[in-house]
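Structure record follows, encoded as structure tokens.
Letters A, B, ... are given to chains in the order of the sequence lines, protein chains preceding strands, and every chain is numbered from 1.
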Amino acid sequence: MAFRDAPDILTSRLRYEDSHTLERFLATGGYDGLRAAVARPADEIVEEVKTSGLRGRGGAGFATGQKWSFLPADVFPRYLVVNGDEGEPATFKDHMLIERDPHQLIEGIAIASYAIKCTKAFLYLRGEFALGHERMSRALREAYTHGALGRNVFGSGFDIDIVLHPGAGAYICGEETALLSSLEGFRGEPRIRPPFPAVKGLYQKPTVVNNVETLANMAWIVLNGGAAYAALGQGRSTGTRLLSLSGHVNRPGNYEVELAKSTFRDLFYDPALGGGIKGGREVKAFIPGGASAPWFGPDQLDCPLDLDEVQQRGSMMGSGSVVVMDETTCPVRAAWRITKFFAHESCGKCTPCREGSGWLEKVLRRIELGAGREEDLDLLLDVCDNLAPGLSWPPGQTTICVLGPSIPSPIYTSIRMFRDEYLTHVKEGGCPFS
Amino acid sequence: MARLTQENVERAREIISRYPASRSALLPLLYLAQEQDGWIDDSAMEHIGDLLDLTPAQVLGTCSFYTMFKRQPVGRHLVSVCTNIACLLNGGYELLEHAEARLGVVVDETTPDGEFTLEEVECLADCDRAPCLQVNYRFFGNVTHDDFDRLVDDLRAGRLAETVPAHGVLNREQPPPVSVRRADAPHGAGD
């Protein structure tokens, strides 16, 4: 499944219908990585992950091994919290990993727990993933019976419990400090940093928060070595990652690609990947890394799938979701819908986000519905600038978490690219695409 | 009605014991109440507060933050249609309008027979099968208008009872074991 010559690290089992079962997992090398890990000193596993160059796959792209190394020495208990609250619009990779290969994630959680010397991990799983909860519950029970979890894992003396915890429908809980608030039984509101979770996280104890896909790489890294992982990709974009491709392509889906070795054009048009644009139409714009990311136009089709390269060009690979919009797309309607999402999901803690998201949604809606004014474009940009001063990327911070400053991304980039189409809505008193 | 049954109180105590601090069990216990009654009423929240040593206001404060906790009765089938970006580009709003017409309700209403509640939701993370929807949080993807009509008929006739349990039932599996449980001690202890 991996594009070109890279190995399938995350998706090797998905060709099987029963990929979620323990039988299939064990028949395909499952738990070999955990067995190998617990036979080595924990610090060596941390070093392997550092060597791999693996960067977090949840959105921020922070180096995983480095994140682990921020835990203060000799402070216990400490916790691993797994972020399975996938909610960034058009991201659906963790959903697949949880439902289709739950044991791979469990193995990754156990390896990471061993490496950071924690004995209790929490898997915060998005509430809407009902099948995921059932598959994961069953897989956890099987893993305990198999000796991969619980006391004395595979006879090594290492103890680990994984507690499966349900989210309940709040995008903000994918933000790591909001997730910790939620896991403690509170409203999912982010916390001011510092202190960072590594120092004071869950229950004020040292805590690492890692994304599902990040941890799904662990067994491969242990078995093949961090250097083998780092040999894939290029520069600081090492290994493979899952890209969730959706929108106006012929073959939407999750694709595991080697980073930096292919481009957005490959992703959209290669017959093994997106398979071209629906109806043979043209790309009008695309979102390179989740709803929070600034949009790209067709001039960026040849941008490599490289975290730093995408950032230098003014956006991000973020959560790995790529949305293609063809020439029939109304940019105002698309920007409005994403903004409506943020207005709904703003937790309300910080004023710029709580107030700004609502006003931006209202102004965009009136433009789309034909009641807009020409000066609304400047008004939008002004409010956007209050949320993310300077309207550049990464955004200027005005709030506790990055939700608020991400709201302007689709708005200012769509106005820059499609100002004429915004003005047509105003002049014609309605949407020219409807 | 709506205090937890004795059996569910036992389940609640088991859930609480998994966490180093009891308040962490609040979301799972709210799910327990929703599974029991299909929604969460004030007396359920009071009872949960008693179990966790929280005031009713503290329970409501958390409960009201999360869209999946329903504080009014909903239909036996909660139909959640996604209209976020990937679905928007692939007919999500047209599907939602069709759903309104087919069910004879607008968003956030319940059919008079109590069978269906319709809601518009944010991205469900099933975007390669856009437009998608969930019924009681079970996925249906690439939903055409004809598919929707058939789905409604099947649900009404009880033909999907295996895959779509009643609203409130999120996880039908037995809970996984936990080898180290919290002793009745201040938080952080017992770990």
Side-chain angles (χ1 to χ4, degrees), chain A residues 77 86-92 94-95 119-120 126-131 133-134 137-138 140-141 144 150-151 159 161-171 182-188 203 205 244-248 252-254 287 291 321 323 325 329 333-334 337-338 341 344-345 347, chain B residues 18-31 52 54 58 61-69 80 83-90 92-93 121-130 134 136-139 163 165 169-181 187-188 191:
Chain A
E86 183 174 60
E88 182 73 19
T91 312
F92 47 98
D94 296 342
H95 177 196
T119 60
K120 192 151 196 140
R126 184 168 173 186
E128 287 90 338
F129 293 166
L131 179 62
H133 278 273
E134 293 186 336
S137 293
R138 176 179 288 254
L140 285 167
R141 285 206 321 275
Y144 274 93
R151 292 185 189 275
D159 302 335
D161 274 320
I162 299 178
V163 176
L164 179 62
H165 188 90
Y171 166 71
S182 180
L183 184 48
E184 291 181 2
F186 292 86
R187 298 168 76 85
Y203 314 124
K205 304 291 187 207
S244 300
L245 179 63
S246 68
H248 292 143
N254 284 311
I287 310 175
S321 91
V323 184
M325 297 180 270
T329 308
R333 192 160 186 248
R337 185 60 187 83
I338 294 170
F341 162 79
H344 182 259
E345 300 298 339
C347 81
Chain B
R18 296 176 202 167
Y19 295 94
S22 63
R23 185 166 178 155
S24 281
L26 181 47
L27 267 62
L29 264 53
L30 288 164
Y31 273 116
L52 297 177
L54 298 172
Q58 286 174 312
T62 293
C63 181
S64 61
F65 186 82
Y66 297 92
T67 55
M68 286 178 68
F69 296 136
S80 312
T83 58
N84 207 313
I85 184 70
C87 286
L88 171 103
L89 297 173
N90 286 291
Y93 270 105
V121 294
E122 297 301 346
C123 183
L124 293 168
D126 209 26
C127 319
D128 53 342
R129 304 197 302 154
Q134 290 188 318
N136 298 346
Y137 303 107
R138 271 67 187 178
F139 280 103
T163 39
V169 179
L170 195 69
N171 186 345
R172 294 164 290 179
E173 287 288 333
Q174 291 296 310
V178 175
S179 56
V180 178
R181 293 187 187 273
H187 98 215
D191 229 45

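Here NE2 of His95(A) is found 9.0 Å from CG of Leu124(B). Values are rounded to the nearest 0.5 Å. Rounding to the nearest 0.5 angstrom, the gap separating the NE2 atom in His248(A) from the CG atom in Leu89(B) is 4.5 Å. Put simply, CD on Glu122(B) and CD on Glu88(A) are 11.5 Å apart, with the number rounded to the nearest 0.5 Å. Separation of atoms CG (Leu164(A)) and CD (Glu173(B)) is listed at 11.0 Å; rounding is to 0.5 Å. The CD atom of Glu184(A) lies 12.0 Å from the CG atom of Leu27(B); values are rounded to the nearest 0.5 Å. Residue Ile162(A) holds its CD1 atom at 13.5 Å from CZ of Arg18(B), rounded to the nearest 0.5 Å.
Residue Val169(B): no heavy atom, backbone or side chain, is found under 4.5 Å from chain A. Neither the backbone nor the side chain of Gln58(B) comes within contact range of chain A; no heavy atoms are under 4.5 Å apart. For Ala291(A), no part lies under 4.5 angstrom from a heavy atom of chain B. Both the backbone and the side chain of Pro177(B) come within contact range of chain A, each with at least one heavy atom under 4.5 Å from a heavy atom of that chain. Interface residue Ser182(A): backbone and side-chain heavy atoms are both found under 4.5 Å from chain B. With a threshold of 4.5 angstrom between heavy atoms, Thr329(A) approaches chain B through side-chain atoms but not through N, CA, C or O.
Donor-acceptor pairing under 3.5 Å is lacking for the side chains of Tyr144(A) and Ser179(B). When only modelled atom types and interatomic distance are considered, Ser64(B) and Arg187(A) share a side-chain donor-acceptor pair under 3.5 Å.
Between chain B and the residues Phe341(A), Phe129(A), Phe186(A), the largest count of heavy-atom pairs under 4.5 Å involves Phe186(A). Counting heavy-atom pairs closer than 4.5 Å to chain A, the top-ranked of the candidates Thr163(B), Asp126(B), Thr83(B) is Thr83(B). When each of Arg333(A), Glu345(A), Met325(A) is scored by its heavy-atom pairs under 4.5 Å with chain B, the top score falls to Arg333(A). Interface remark: of the candidates Gly87(A), Ala90(A), Ala168(A), Ala168(A) forms the most heavy-atom pairs closer than 4.5 Å to chain B. The residue among Ala170(A), Ser246(A), Pro89(A) with the most heavy atom pairs within less than 4.5 Å of chain B is Pro89(A). Put simply, of Ala25(B), Ala125(B), Ala130(B), the one with the most heavy-atom pairs under 4.5 Å next to chain A is Ala125(B). Counting heavy-atom pairs closer than 4.5 Å to chain B, the top-ranked of the candidates Ile287(A), Asp159(A), Leu140(A) is Leu140(A). The choice from Val323(A), Leu245(A), Leu183(A) that makes the most heavy-atom pairs within less than 4.5 Å of chain B is Leu183(A). Heavy-atom pairs under 4.5 Å with chain A peak, among Leu29(B), Leu54(B), Leu88(B), Leu26(B), at Leu88(B). Top candidate by heavy-atom pairs under 4.5 Å with chain A, chosen from Ser24(B), Gly61(B), Ala86(B), is Ser24(B).
Shown here for Arg141(A) and Pro176(B), the closest heavy-atom pair between the two residues is CG-CA, 3.5 Å. Annotation for Lys120(A) and Val178(B): closest pair NZ-CG1, 4.1 Å, computed over non-hydrogen atoms. The two residues Tyr19(B) and Tyr203(A) have their closest heavy-atom pair at CD2-OH, 4.0 Å. Considering all non-hydrogen atoms of both residues, Arg337(A) and Asn84(B) come closest at NH2-N, 3.6 Å. Here the closest heavy-atom approach between residue Asn171(B) and residue Ser137(A) is recorded as ND2-OG, 2.8 Å. Considering all non-hydrogen atoms of both residues, Gly188(A) and Phe65(B) come closest at N-CE2, 3.2 Å.
Contacts of Arg23(B) classified as salt bridge (charged side-chain N to carboxylate O under 4.0 Å, His left out), with partners at least two apart in sequence or in another chain: none. Glu86(A) pairs by the salt bridge (charged side-chain N to carboxylate O under 4.0 Å, His left out) definition with nothing, not counting sequence neighbours.
At least one side-chain heavy atom of His344(A) sits less than 4.5 Å from a side-chain heavy atom of Thr67(B). Pro28(B) is listed as a side-chain neighbour of His165(A), based on a closest heavy-atom distance under 4.5 Å. When side chains are defined from C-beta on, Phe139(B) does not count as touching Leu131(A), because their heavy atoms never get closer than 4.5 Å.
For CZ of Arg138(A), the number of neighbouring non-hydrogen atoms (other residues, nucleotides, ligands) closer than 6.0 Å is 12 at most.
Ring centers of His133(A) and Tyr31(B): at least 6.0 Å apart, outside the cut-off.
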